[in-house]
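Written below as structure tokens is the structure these notes are about.
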Amino acid sequence: MVHSAKTGHPGGDLSSADILVSLYFGVMKAGGSWTASEDRDRFVMSKGHCSGAFYSVLAEAGCFPDEWLDHYMKPLSMLNGHPDRNKLPGVEANTGPLGHGMPIATGMALAAKISGASWRTFILTGDGELQEGSNWEAGMTAAHYGLDNLTLIVDRNRIQQGAWTEDTIRLEPLADKWRAFGWAVQEVDGHDHAALLDVFGRLPFEKGKPNCVIAHTHKGMGVSFIQDRPEWHHKVPSDAELEAALKELQA
Amino acid sequence: MSVPSQLFDCRDAFARSLEEAAAADPRIVAVVNDSLGSSKMGGFRKLYPQRLVNVGIAEQNMVGVGCGLANGGMIPFVCGAACFLTGRAMEQVKVDLAYSKSNVKLCGMSGGLAYGPLGPTHHSIEDLAWTRVLPHLTVIVPADPYETEQAFRAALALDGPVYLRLSRMGVPNVHGEDHRFQLGRATKLREGRDVTLIANGTMVCRALEAAQQLELEGVQARVLNMATLRPLDTGAIAAAAEETGCIVTAEEHSIHGGLGGAVAEAVTATTPVPVRMVGVPDAFAPTGSVGFLFEHFGLTAAGIHDAALEAMRRKSRKC
């Protein structure tokens, strides 16, 4: 998709793909016939720039036909570079500017609490994204209101747009930060489906506390020349690179 | 018509309307940023404690939470001081509400110069310029308690985002009880053929006073209450331009980008005529009470009166 569109964010797509697959096919009531249901679980893709992975999973989950993926970022496509809920079934929130998802997800979880609904809210953020202060405003609100129906997954691939997070603005000790904000935190290998499903199966981690899953991932996972390389944040693969990458991913 | 002397705080009409509506509709929730008092939400909290969400001093979060609540089936009224609600959370207003078409009602309290000597940090004289450029966002600035109640009901009935700007300054009832607010339609409060005064919010009563003075001088001024800034009643503006030949706008806002800007855009696109703008010029306000600042910037009946005569002089020069 990124190769065809000549733009995109392949590094973050590949770091978040296993998390998205686990959520959509093993955890959430979402996709398929759930898409139009008021009782669906909500998922907020706060790292909206990783729309390549997100759209692929939504299509696989039956939110729209696979063929639509061919129109990724093409003129007048429903598949904008960043998700638009008014264009694409399955998208809950318009994201793109970082730090928007957490307040929105907090509002969703509050709505379920106030109305007594049983659906749950999941949100995936990047790690560099946590430098935006709005995440921590929402983090305080979610803990104050005891939103144990809310689960934040941090795609901890350690690389942001231009460099490693720890060389840019340090995030560690990240788990301690969320614990200090009143969240119940678990850490997991974000590419190990069994481990991810096990962690999500134990929700809520603690009654009355919002849940944080720090998923340790690799940017560009599965492609040797992309993996853990900051320059691949939004680089577009050449024809030869695409062929080599697909060969490695299918191996 | 003469302008009555008793003054009302439109926030009271708003709070009363919200409490009444919440009794009938369990989806209505209020979201505040530690602004219970200034948003007059004390009564709502007593009646519906489970539906009052206080996010603390966190406006970006407040607007995003509103978006999420709407996604979850609620109808949130997100209330805070207009200066912070718009300025601090502008990207959330753009993306989470307008671009997303979220059914969230933003209620900007104490807009304009209402905070007086607290200074430009607390004045909200840019909010209408910021909000009126956003597609899908309806922007309403009611002029009195009757209109506030009706604007509230129109906002509630609309499935989409609304910015409702309310003042804490006392205003008289400029409408009778028979007033019927129509979203996107100007209300003609006075007929006239020499000049049209177009005002919103706290400036409507001042425009009416100016029209009374002008009448004594033999000038017939039409007065339009342009309570809905977006979508704009371009038909009423074009008719005013064609039939009266010149226009004065009056708003408790910067003269750039708000009602004056909107009217000027509409006039140049249809019937170019002289437009004079009464409002805050390209400046941050000096220190002073709200009364002092209104006088200082000419946000008065006298200021509108003088602008009307100037607009008419320019009209005749043009002829």
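None of the values given here were measured: they were computed from a predicted structure. In what follows, chains are A, B, ... by sequence order, proteins preceding strands, each numbered from 1.
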Decide side chain to side chain donor-acceptor pair (under 3.5 Å) for A:T106 and B:N61; before the verdict, give the C-alpha distance in whole Å, the side-chain angles of both, and the deciding distance to 0.1 Å. CA-CA 9 Å; A:T106 299; B:N61 182 36; 5.2 Å; no
Between atom CD of B:Q50 and atom OG of A:S115, what is the distance when rounded to the nearest 0.5 Å? 12.0 Å
Under 4.5 Å from a heavy atom of chain B, the part of [X] involved:
X      : result
A:A93  : neither
A:W136 : neither
A:E38  : neither

Locate the shortest heavy-atom distance separating [X] from [Y]; write the atom from each residue and the value.
X     : Y      : answer
A:R42 : B:G72  : NH2-CA, 3.9 Å
B:L52 : A:Y145 : O-OH, 4.0 Å
A:R85 : B:S102 : NH2-CA, 3.7 Å
B:E59 : A:E137 : N-OE1, 4.2 Å
B:V95 : A:P97  : CG2-CG, 3.8 Å

Check whether more than 12 heavy atoms from other residues, nucleotides or ligands sit under 6.0 Å from atom [atom1] of [X], and answer yes or no.
X      : atom1 : answer
B:D282 : CG    : no
B:K94  : NZ    : no
B:K46  : NZ    : no
B:Q182 : CD    : no
A:R179 : CZ    : yes

Any idea which of B:G73, B:A70, B:S100 has the most non-hydrogen atom pairs under 4.5 angstrom with chain A? B:S100
Ranking A:E92, A:H100, A:M102, A:M140 by heavy-atom pairs under 4.5 Å to chain B gives rank one to A:H100
Quick check on the interface: out of A:N135, A:T121, A:I114, A:N86, who has the most heavy-atom pairs with chain B under 4.5 Å? A:N86
Can you say whether B:E91 sits under 4.5 Å from chain A via the side chain, the backbone, both, or neither, judging by heavy atoms? both
Structural part of B:V63 lying under 4.5 Å from a heavy atom of chain A: neither
Evaluate the side-chain proximity of B:D96 to A:I104: yes if any heavy-atom separation is below 4.5 Å, no if none is. yes
